[in-house]
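To find a chain, count down the sequence lines: A is the first, B the second, and so on, and within it residues start at 1. Treat the numbers as computed from the prediction; the structure is a model and nothing was measured.
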Amino acid sequence: MPSRRKTPTNRPPASDPLYRRIYAEVRRIPRGRVSSYGRVAKRVQGATARIVGYAMAALPPGSTVPWQRVVNHRGEVSPRKHGNGQMRQRLILEREGVTFDLRGRIDIRLYGWPRP
DNA sequence: CCTATGACTGGTC
DNA sequence: TGACCAGCCATAG
């Protein structure tokens, strides 16, 4: 097969450089801890919470980026519009030692990163 | 170019 | 403790 680098099936996002910096920041979140879209955004120049959310959604399956450690500012796994990766995210976090209360929330004071 | 949509947030009531 | 909302901005059609 001839090399076709123009239209790969898993095409990276248009704003790749920004996304890459977001991913680098997400990789800093330690196992067993969580951060939020807004928190990550504050640490990456040019990013906003929404953009961080898009960056997470754009990750290909099998990525090594610990996307599961990014939750919303209320400590909940953000609801997906499509599919139910929501349940998968919670299971992975629980396996990392993060606990959820009856309402499905994480105590940010306990697991939030970085520490206040 | 314009509209709709969404893994968001912070403020107000 | 919610519920609601304006502001937010990349992407898709």
Nearest non-hydrogen partners of A41(A) and A49(A), listed with the distance: CB-N, 3.6 Å
Which pairs count as side chain to side chain donor-acceptor pair (under 3.5 Å) when at least one residue sits in residues 29-43 of chain A, sequence neighbours excluded? E25(A)-R43(A)
Does I92(A) reach the side chain of V98(A), with side-chain heavy atoms less than 4.5 Å apart? no
Output a table of nitrogen or oxygen pairs between the protein and nucleotides 1-5 of chain B separated by less than 3.5 Å.
none

Is there a path of hydrophobic side-chain contacts, each under 4.5 Å between heavy atoms, that joins I29(A) and I22(A)? yes
Please produce a list of atom pairs where a protein N or O lies less than 3.5 Å from an N or O of nucleotides 11-13 of chain B.
none

Does any pair with a residue in residues 101-116 of chain A pass side chain to side chain donor-acceptor pair (under 3.5 Å), and if so which ones, sequence neighbours excluded? E76(A)-R105(A), T99(A)-Y111(A), D107(A)-R109(A)
Search all heavy atoms of Y19(A) against all heavy atoms of A55(A) and return the closest pair with its distance. CE2-CA, 3.7 Å
Cluster overlap L91(A) with L93(A), hydrophobic side-chain contacts below 4.5 Å: no
May I have all residue pairs that pass side chain to side chain donor-acceptor pair (under 3.5 Å) and include part of residues 53-69 of chain A, sequence neighbours excluded? R27(A)-T64(A), Q68(A)-E96(A), R69(A)-E96(A)
In terms of hydrophobic clustering (I, L, V, M, F, W, Y; side-chain heavy atoms under 4.5 Å; direct or indirect links), are V40(A) and V34(A) co-clustered? no
Are V44(A) and I51(A) co-members of a hydrophobic cluster defined by side-chain heavy atoms under 4.5 Å apart? yes
Among residues 37-50 of chain A, which contact DNA chain C at a heavy-atom distance under 4.0 Å? T48(A), R50(A)
Tell me the salt bridge (charged side-chain N to carboxylate O under 4.0 Å, His left out) pairs involving residues 45-57 of chain A, sequence neighbours left out? none
For V52(A) and A47(A), the nearest pair of non-hydrogen atoms, with its separation, is CG2-CB, 4.4 Å
By side-chain hydrogen bond (donor to acceptor under 3.5 Å, both in side chains), S78(A) pairs with (sequence neighbours left out) N72(A)
Can you sort out which residues in residues 85-105 of chain A have a heavy atom within less than 4.0 Å of DNA chain B? Ascending by number, please. Q89(A)
Closest nucleotide of DNA chain B for S36(A) versus for H82(A): which of these residues is on the 5' side? H82(A)
Shared hydrophobic cluster for L18(A) and V26(A) (ILVMFWY, side-chain gaps under 4.5 Å): yes
side-chain contact (heavy atoms from CB on, under 4.5 Å), that's the test. Do D16(A) and R20(A) meet it? Break it down for me. CA-CA 6 Å; D16(A) 205 22; R20(A) 270 180 151 321; 4.1 Å; yes
Pull out every residue in residues 69-80 of chain A that has a heavy atom closer than 4.0 Å to any atom of DNA chain B, ordered by number, or say none. N72(A), H73(A), S78(A), P79(A), R80(A)
The side-chain hydrogen bond (donor to acceptor under 3.5 Å, both in side chains) partners of R80(A) (sequence neighbours excluded) come to Q89(A)
Contacts to DNA chain C from residues 16-34 of chain A, heavy-atom cutoff under 4.0 Å, which residues? Y19(A)
I51(A) CD1 to dC8(B) P, straight-line distance once rounded to whole Å: 13 Å
